[in-house]
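Report on the following structure.
Chain A is the first sequence line, chain B the second, and so forth, proteins listed ahead of strands; every chain is numbered from 1. Values reported hereafter were calculated over all heavy atoms of this structure, with side chains retained and with hydrogens, waters and symmetry mates removed.
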Number of protein chains: 2
Amino acid sequence: MNHKINWLLATFLMTGIYCLSQSDEIIIKDFEPASSNQPGREYPMVNSQGRVRTQIFAPDANYVQIDIGGEKYDLVKDEEGMWTGESAPQDVGFHYYQLNIDGASVPDPGSLLFFGACRWGSGIEIPSNDQDMFAVKDVPHGHVHEILFPSESTRTSRRAFVYTPPGYEKATSKRYPVLYLQHGYCENETSWPNQGHANLIMDNLIAEGKAKPFLIVMTYGMTNEIEYGGLRDFDIKPFQTVLVDELIPYIDTHYRTLANQENRAMAGLSMGGFETRLITLNRPDLFSYYGLFSGGIYQPEEIKEHEQLKLVFISCGSKERPEGVKYAVSELKNAGYNAVSYISEGTAHEFHTWRRSLYQFARLLFK
Amino acid sequence: MNHKINWLLATFLMTGIYCLSQSDEIIIKDFEPASSNQPGREYPMVNSQGRVRTQIFAPDANYVQIDIGGEKYDLVKDEEGMWTGESAPQDVGFHYYQLNIDGASVPDPGSLLFFGACRWGSGIEIPSNDQDMFAVKDVPHGHVHEILFPSESTRTSRRAFVYTPPGYEKATSKRYPVLYLQHGYCENETSWPNQGHANLIMDNLIAEGKAKPFLIVMTYGMTNEIEYGGLRDFDIKPFQTVLVDELIPYIDTHYRTLANQENRAMAGLSMGGFETRLITLNRPDLFSYYGLFSGGIYQPEEIKEHEQLKLVFISCGSKERPEGVKYAVSELKNAGYNAVSYISEGTAHEFHTWRRSLYQFARLLFK
């Protein structure tokens, strides 16, 4: 870090494009509007250090802060009543955040809204050197269907999103494998298509010939009712019933699927990995590909009767516990399983880890 | 109004479920969480008078207001720092609103977010006696597809939403008519499926046998680049190119449409009506059903060469200019056209007017 700062000093000291914050840290002034902004909004901005700068007009406020990554950073007011300020550098990728105006936690009106942290709120994209994987390119695009499927067990019409790959509509006699993909705790069924960009990741992989075309089904894992810390008592049954007895049959009758174990995968991030693990252990007859993204591990003895199992994929960020993931996968390999580990460099328990995990996992599916 | 207040007084005076606001108005205290709230949020609430009550914790704020319907209403702080307050009665249906915290305009963290007023922001649903038309019922549900279609003219992949009616996936040899449906100024392609509930309106109409199944295609009308007040100089060409030369061909090759004028309708609300009017006048060969919802009128001489025209539908809220709509439709009828007017009772230039307009218009299409 010191080395980096020295290099930055050497580079920028004479150009004038720097300033010193209250803590005497260098702030490089190459701020640009974030890609996660509302249409036409200049703020929030991000710079090459991963700092977030935002701005809000609040002439009568006593203080305004940006609340990101577990820290609050003060904004400074000018004579017109406009508040501006920056956060410390953030990891590459996507982060939830909010503003604090005189003690009120509110979304930043400049940001698009994302469901996470149990609420629709602000999010910010810090540029990464692999963000090309979810760029909107001039390639054939799949569709994302919002569906309402009947659920007897919960007496509701439940929502899911279904990604259909490019060409699905025209290839009317072709049938496709399916990945069931779960969000994390306090997220919902919009999180993978929205901040996860699952559809764009697939469009790009398919266009490059790196993944087979398959459907992705994303529904609500009913995780938000769980009291924080209550995972130990978590009962998977209600969600397992919805997924296995209600959603899978709906998908298999409404979409041209290959409706068998060999062509069915399940994966999830964090809490969704926890759910994936429990459901695949309870029902070894349903899925052939398992993916846990920052969401636990399998031990060889747990899956010893899973005869149709073709792949176990376990991942996390390098700022989580990569040793645990690597060790678990080496144990699975030693026991003869086709197991793959993936460590997302420089990221923690956040969505960029999981986008990269999907990008890696998707390449291995149904082959 | 006085009569109503007297009746309310007589009914509630002895029950104690009333209070007097600063302006000595009766506030009935039957507040309930709004249906437009974020999951699990108690506030904002609405009461039977159509008042909006909201609450936010802002211990260090100098003032907090709810900003709705062009007025700001003060909230009052309690000793813990919680601010609470109510608006005046609002019309039934959907309204955009925001909070004002010490001069900062921000979304209410309790509300879901909707795109309107050129931004993603808060919205509130005031219960109406006909909200059943967009209730999620135990009926077959269509799907809403998010698509990205290639647009050479704008050199982008552009987004649209496509409603497919229940049964579309299974009836693999059936072809369907299509309605192209436009949002208003400073709204976008999410506005009709989100706050408009176009999909649920159709699901319910179809389940009751009141509408034929058809597709609805909703895309961005590129209106937000227009400076406010600049409609006089509005050039329809860029959007007409996207719609006619790019989107319609994409839909007709990716969906099982009846790809002819007889089975194609166009409608829009407000600015989207203005666009509908211009495009149908420029291209009398494309659509057979025209709908203007709070979005202008046709004069008989304008459409005299529209030989395949089957229906002109013109609507607005009773709080807009219903006489103008009724007069225009009577002139069209006198000239021999199949013209229908619809006035939404008790509503203004807002989404409930347009939901009701779609509900009426859809029943008349493709018959």
Original post:
Would you say the side-chain atoms of B/Asn62 pair up with the backbone N or O of A/Asp60, donor to acceptor, closer than 3.5 Å?
Top reply: yes
Original post:
Nearest heavy-atom pair of B/Ser157 and A/Val136: which atoms, and what distance?
Top reply: CB-CG1, 3.7 Å
Subject >> A/Trp120 to B/Gln38 - nearest heavy-atom pair and separation >> reply: N-OE1, 2.7 Å
Original post:
At a heavy-atom separation under 4.5 Å, does B/Leu112 approach chain A through its side chain, its backbone, both, or neither?
Top reply: side chain
Original post:
chain B heavy atoms under 4.5 Å from A/Leu148: which part of the residue, side chain, backbone, both or neither?
Top reply: both
**OP:** For A/Asp138, look at atom CG and say whether over 12 heavy atoms of other residues, nucleotides or ligands are found less than 6.0 Å away.
**Re:** no
Original post:
For B/Arg155, is it the side chain, the backbone, both or neither that has a heavy atom under 4.5 Å from a heavy atom of chain A?
Top reply: neither
Original post:
Between B/His145, B/Lys137, B/His141, which shows the greatest number of heavy-atom pairs under 4.5 Å with chain A?
Top reply: B/His145
Subject >> Contact origin within A/Ser105 toward chain B - heavy atom pairs under 4.5 Å >> reply: backbone
Subject >> Structural part of A/Tyr63 lying under 4.5 Å from a heavy atom of chain B >> reply: side chain
Subject >> Closest contact, heavy atoms only, A/Ile101 versus B/Ala104 >> reply: CD1-CB, 3.8 Å
Original post:
Between B/Thr253, B/Leu99, B/Asp203, which has the largest tally of heavy atom pairs under 4.5 Å with chain A?
Top reply: B/Thr253
Subject >> Close approach to chain A in residues 163-176 of chain B, criterion heavy atom under 4.5 Å >> reply: B/Glu169, B/Lys170
Subject >> Per-residue contact mode, B/Leu113 against chain A (heavy atom under 4.5 angstrom) >> reply: side chain
**OP:** Name the orientation class of the two ring planes belonging to B/Tyr255 and A/His143 (parallel below 30°, tilted from 30 to 60°, perpendicular beyond 60°).
**Re:** parallel
**OP:** Can you establish whether the number of heavy atoms outside B/Glu152 located under 6.0 Å from its atom CD is more than 12?
**Re:** no
**OP:** Measure the shortest side-chain to side-chain distance between A/Ile56 and B/Val106 over non-hydrogen atoms and say whether it is less than 4.5 angstrom.
**Re:** yes
Original post:
Between A/Tyr250, A/Phe149, A/Trp83, A/Phe161, which residue shows the highest count of heavy-atom pairs closer than 4.5 Å to chain B?
Top reply: A/Tyr250
